[in-house]
Amino acid sequence: MTFKSGFVSIVGRPNVGKSTLLNHILKTKLAITSSTAQTTRNTIQGIYTDDEAQIIFMDTPGIHKPQDGLGSFMNTNALNSIYGVDIVLLIAPADEKIGKGDRFIVNRLKEADGPVYLILNKIDLLSKEQLVQRLAQWKEMFDFKEIIPISALNGDNVEHLLEIIKSDLHEGVMYYPKDHITDHPERFIMAEFIREKILYFTKEEVPHSVAIVIERMLEDEAGVEIIATIVCDRKSQKGIIVGKQGTMIKKIRQNAQREMKRFLQVPVHLELFVKVENNWRNKQKYLKEFGYNEDDY
Ligand code: GDP
Ligand code: MG
């Protein structure tokens with residue numbers, strides 16, 4: 001039997017379930033998910049390997065209209081990921097009407113290098129009849145190689161999706177060792193854990209303009225010590241993140257620490273600092289400094 005491998009890009013509007021799908025496939029919490037849009041900032045490569053194939057997934061930040069420096073960076077990154085990959089998966093929510101955002105993306109898909117599949121996600125939220133209708137509407141939008149309805153949340157039909165991807169890949173080498181699930185440095189993943197907890201506990205109050213800088217990650221026999229700074233662009237945000245008598249930052253710290261421990265499988269001691277850098281979102285300099293430079297990913 002020949003071994004197959006290839007690159008698969010996952011694109012779609014924010015909040016359609018891209019990260020949830022990737023997590024389900026990798027059976028681990030790699031890409032963070034949330035009910036607020038735009039949680040994923042950088043392209044995350046998730047690596048799925050079994051006896052027959054290795055699939056390298058790129059979970060992109062959602063494609064949306066740019067509003068500031070960070071937004072336009074995310075857009076470029078997401079759209080570029082349709083080039084040079086073997087397969088493109090467009091994810092769309094089956095429970096929502098086809099909108100302007102979808103048309104925008106579909107238009108760009110004409111430039112994709114490989115076959116484009118439509119993954120209609122969240123089928124757990126609608127009836128069979130509604131799904132049939134939605135399928136018909138999407139069929140008219142684009143010449144998808146195939147439309148695959150799934151529920152990323154409960155895993156419905158995800159195995160089938162994997163089989164289809166595998167059957168479409170060409171013979172190839174194993175790019176990464178079998179046990180690797182991501183090519184991202186651990187620091188990046190640690191920062192994502194912190195950001196996820198901030199978004200989760202502060203809800204909409206703190207927008208996505210916070211950046212997390214891992215200042216230090218030191219490992220010894222006792223475990224890992226991680227020191228991180230949360231950078232926000234307004235003083236009021238700092239107030240929210242710290243909370244009354246530090247209660248909010250304590251919750252963020254404890255919960256992020258727990259996730260880190262689970263992920264790294266060693267004891268973790270996390271220390272958090274919060275600082276204000278005015279208006280960093282629009283300053284390229286900071287985008288680079290904080291690691292959102294396109295050249296890096
Ligand atoms: P992304 O922005 O495209 O990466 O979307 P996420 O993976 O972060 O998911 C956005 C939200 O949709 C989260 O609250 C998920 O739990 C939810 N979600 C994702 N897939 C499904 C699904 O199949 N069914 C339902 N009901 N919710 C889903
Ligand atoms: Mg995501």
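For ligands, and for the atoms within them, numbers begin at 1 and follow the listed sequence. Remember, it's a predicted structure, so these values are computed and weren't measured experimentally.
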Are any of the N or O atoms of [X] closer than 3.5 Å to those of ligand 1?
X: Gly17; value: yes
X: Ile123; value: no
X: Ala152; value: yes

Candidate with minimal heavy-atom separation from atom 9 (O) of ligand 1, of Ile10, Asn154, Thr20
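Residue with the shortest heavy-atom distance to the ligand atom: Thr20.
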Pick from Gln257, Met260, Glu259: which one makes a side chain to side chain contact (heavy atoms under 4.5 Å, CB included) with Ile194?
Met260
Qualifying residue for side chain to side chain contact (heavy atoms under 4.5 Å, CB included) with Val11, from Leu89, Val85, Val88:
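Among the candidates, only Val88 passes.
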Give the C-alpha distance, both sets of side-chain angles, the deciding distance and a yes or no for ring pair (Phe, Tyr, Trp, His ring centres under 6.0 Å) between Phe57 and Phe7.
CA-CA 6 Å; Phe57 288 97; Phe7 291 80; over 10 Å; no
Would you say that more than 12 heavy atoms from the other residues, nucleotides or ligands in this model lie under 6.0 Å from the CG of Asp50, or not?
yes
If you count the non-hydrogen atoms of other residues, nucleotides and ligands that lie under 6.0 Å from CZ in Phe144, is the total more than 12?
yes
Atoms in ligand 1 flagged as close to Leu125, the criterion being non-hydrogen separation under 4.0 Å
26 (N)
Using a 4.0 Å cut-off to any heavy atom of Lys18, which atoms of ligand 1 qualify?
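So the atoms of ligand 1 that pass are 1 (P), 2 (O), 3 (O), 4 (O), 5 (O), 7 (O).
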Side chain, backbone, both or neither: the part of Asn15 lying under 4.0 Å from ligand 1 by heavy atom:
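It is both backbone and side chain that touch ligand 1.
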Residue portion contacting ligand 1 (non-hydrogen atoms closer than 4.0 Å) for Val16
both
Closest approach of Ile214 to Met190 (non-hydrogen atoms, all atoms of both residues)
CD1-CB, 4.1 Å
